[in-house]
Amino acid sequence: MRSAPERGTAAGGRAPDAGGEPGGGPAGKWWPLAAVTLGNFLLLVDVTIVNTALPRIADGLGATFTSLQWVMDIYALALAALLMVAGSAADRYGRRLYVAGLTLFALASLVCGLAPDAGVLVAARAMQGVGAAAMFATNTPLLMAAYQGRDRGVAFGVWGGTSGAAAAIGPVLGGLLTEYVDWRAIFLVNLPLTAVAVWITVRRVPESHGDPTARIDWPGAASFTACAGALTYGLIRGGEEGWTESGTLAALGGAALALLAFLLVERRVHRPLLDLGLLRRPSFAALMAAALLLQAAAFPYLTFVGLWVQNILGLSPVQAGLAVTPMALMSLLVGALGGRPLQRVAPHLPLGIGLLLVGAGALLEYALLDDGAGWAALVPGLAVSGLGIGAAMPVLVSAALGAAPPQRAGMASGAVNTFRQLGYALGVAVLGTVFADALHGVRPGASRTAVAAAHVAGLTDILLISGAVASAGGVLVLAVVRRHRPEADGRQSRVRDADRGLLGGRLGAASGAARGRAE
């Protein structure tokens, strides 16, 4: 997605209102920041809030384990599938796309809050993900258009800080609403806040002045979405029905065909979603793999940790949210104290070392977890993983930009964020299959001790997989990715503040998964 030109700002960095007039007064210029950060906060919190509430959702709707997987997975899947096409649309429609995303997000939240069964809830969560993709893709262009100079640095700093706050607040807020109001409140609370964001956007946010001639690669978007959706469905169905079952084979075969169609389309269209030439660069391809592996290893397993601490250990939703905060808090601490030093070194170093720390944290949890363990056994490993996340996340986009040519900077940024979300969605699907397989071994009427042992067995399996995956990603980055070219230095500094905000985004998913449910 291309950056909005700076001509969209008023003199001195003051944002004009919707009618093109200055925001009025020193404080008035911050209205666009308020609208964008509020929307960003909502889309990130909705991951964490849902995670904390899943056990209560299961009780309230009679949802199966597979349904719970889809409740959390479909949101990330929609984000991953639509983020690149939403970026292209943001170039053309700017503020209108942001308002449309907010509106769809609000309507979907209403349906989630009123859902009579798990099927309706899953469908509404998918629509939330569509709205969130539109919101996420337009955040940076709108801020770039509204601010310049020092104001732009302040805006991106606040935006990033709000993202981090969403990570820390989400699990606890979800627990509070679930425990003291109702699980439906986690969705309904979005309605008044989204209305405020729409009102501010319409009245105070300037247009991003993108490219009105931008063309959207609809065939590429359709084939990529079909591939991601069919693959995720096949993985989840395989764990439930078996890997040789006809529906599983059809889904996985459909994913392969859709991937082939995507590759063929992207080679022929004039303005593709993803320039396949980028993937022929070893460093760039390794970074995309690292983005996917980091998201798959660092956060999805927290979903099943949440189920364990609530269903087996008996923690309340609030306690479950607090139990996994060591990861988010350590990540935020590293981001706050190490942000500037991390930007001064070759980005593949903190990224590779960060992945190795994430792997070490998961393996430490694996070593300490046994049938008699409580939630405190997870704290050392969560803290170590948090160190790795704090080191890796802030430099991931910078590293991708450094590995791509300058004219492909927007595409590289969109690709790395797409692979992030796809990694989370696939991680939930794969690890959920492993966890479910352990639970399937428990016969009906089994003792509570047997059920608890099955939960621990499932957790140790997925912790081992997560640790191995993250460690492999770290080795891949350190072995393949090279220091970015000198001409990339300017691009790295220009996206520094944006990277900090994106760190908070993934911390949100982390804490979210953190909750105690099953995103």
Side-chain angles (χ1 to χ4, degrees), residues 42 44-76 108-129 166-191 193 236 299-325 328 374-375 378 428 431-432 435-436 439 448 451-452 454-455 458-459 508-519:
L42 288 174
L44 294 177
V45 162
D46 232 65
V47 179
T48 64
I49 279 184
V50 171
N51 292 347
T52 308
L54 282 183
R56 297 292 178 88
I57 293 174
D59 293 339
L61 299 181
T64 65
F65 179 80
T66 299
S67 296
L68 293 182
Q69 277 186 276
W70 278 113
V71 167
M72 61 181 179
D73 214 12
I74 197 68
Y75 185 81
S109 296
L110 177 61
V111 177
C112 286
L114 301 177
D117 56 52
V120 173
L121 180 57
V122 170
R125 283 283 288 167
M127 289 300 99
Q128 273 192 314
I169 293 172
V172 179
L173 178 60
L176 288 170
L177 291 172
T178 299
E179 190 167 343
Y180 297 111
V181 184
D182 188 82
W183 67 263
R184 297 179 184 275
I186 67 175
F187 300 110
L188 299 178
V189 73
N190 292 334
L191 301 180
L193 297 176
I236 293 177
F299 306 112
Y301 78 87
L302 296 177
T303 294
F304 312 104
V305 167
L307 287 177
W308 174 61
V309 298
Q310 287 195 60
N311 294 341
I312 302 302
L313 301 185
L315 270 61
S316 70
V318 173
Q319 292 171 327
L322 292 172
V324 294
T325 54
W375 66 269
L378 302 175
V428 169
L431 297 182
F435 190 74
L439 298 186
R448 183 171 180 81
V451 174
H455 275 72
L459 279 179
S511 284
R515 61 324 228 229
R517 41 56 168 235
E519 156 222 65

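These values consider heavy atoms only, across backbone and side chains, with no hydrogens, waters or symmetry-generated copies.
In this structure, the side chain of Thr52 does not engage the main chain of Pro317 through any donor-acceptor pair within 3.5 Å. For Thr325 (side chain) and Leu322 (main-chain N/O), a donor-acceptor pair under 3.5 Å exists by modelled atom type. Here the side chain of Arg56 pairs no donor or acceptor atom with the backbone of Arg184 at under 3.5 angstrom. A distance-only check finds no donor-acceptor pair linking the side chain of Asp182 to the backbone of Ala185 [under 3.5 Å]. A distance-only check finds a donor-acceptor pair linking the side chain of Arg448 to the backbone of Ile312 [under 3.5 Å].
Leu114 CG to Ser109 OG: the interatomic distance, rounded to the nearest 0.5 Å, is 10.5 Å. Taken from CG in Leu459 to OH in Tyr301, the straight-line distance is 10.0 Å, to the nearest 0.5 Å. To the nearest 0.5 Å, atoms CG (Asn190) and CD1 (Ile49) are separated by 6.5 Å. Here the CH2 atom belonging to Trp308 is positioned 10.5 Å from the CH2 atom belonging to Trp375, to the nearest 0.5 angstrom. A distance of 9.0 Å separates CG of Leu121 from CG of Leu68, quoted to the nearest 0.5 Å. Between atom CG of residue Leu42 and atom CG of residue Leu191 there is a gap of 10.0 Å, rounded to the nearest 0.5 Å.
Pairing each heavy atom of Pro55 with each of Asn311, the nearest pair is CB-OD1, 3.9 Å. Of all the heavy atoms in Thr178 and Ile186, the pair that sits closest is OG1-CG2, 3.8 Å. Heavy-atom minimum distance, Glu179 versus Val318: OE1-CG2, 3.2 Å. Heavy-atom minimum distance, Trp183 versus Ala53: CB-CB, 4.3 Å. The two atoms that bring Val71 and Ile74 nearest to each other are O-CG2, 4.1 Å, heavy atoms only. Smallest separation of non-hydrogen atoms from Val309 and Ala320: CG2-CB, 3.8 Å.
Relative ring orientation between Phe65 and Phe304 is described as tilted, the plane-to-plane angle lying within the 30° to 60° band.
Under the 4.5 Å side-chain criterion, counting only non-hydrogen atoms from C-beta, Leu307 is in contact with Phe435.
Between Asp46 and Arg125, at least one side-chain nitrogen of the basic residue sits less than 4.0 Å from a carboxylate oxygen of the acidic one, meeting the salt-bridge criterion.
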Discussion item. Could you go through Phe187 and Val50, starting from their C-alpha distance and side-chain angles, then the distance that decides it, and tell me whether this counts as side chain to side chain contact (heavy atoms under 4.5 Å, CB included)?
Written reply: CA-CA 8 Å; Phe187 300 110; Val50 171; 3.6 Å; yes

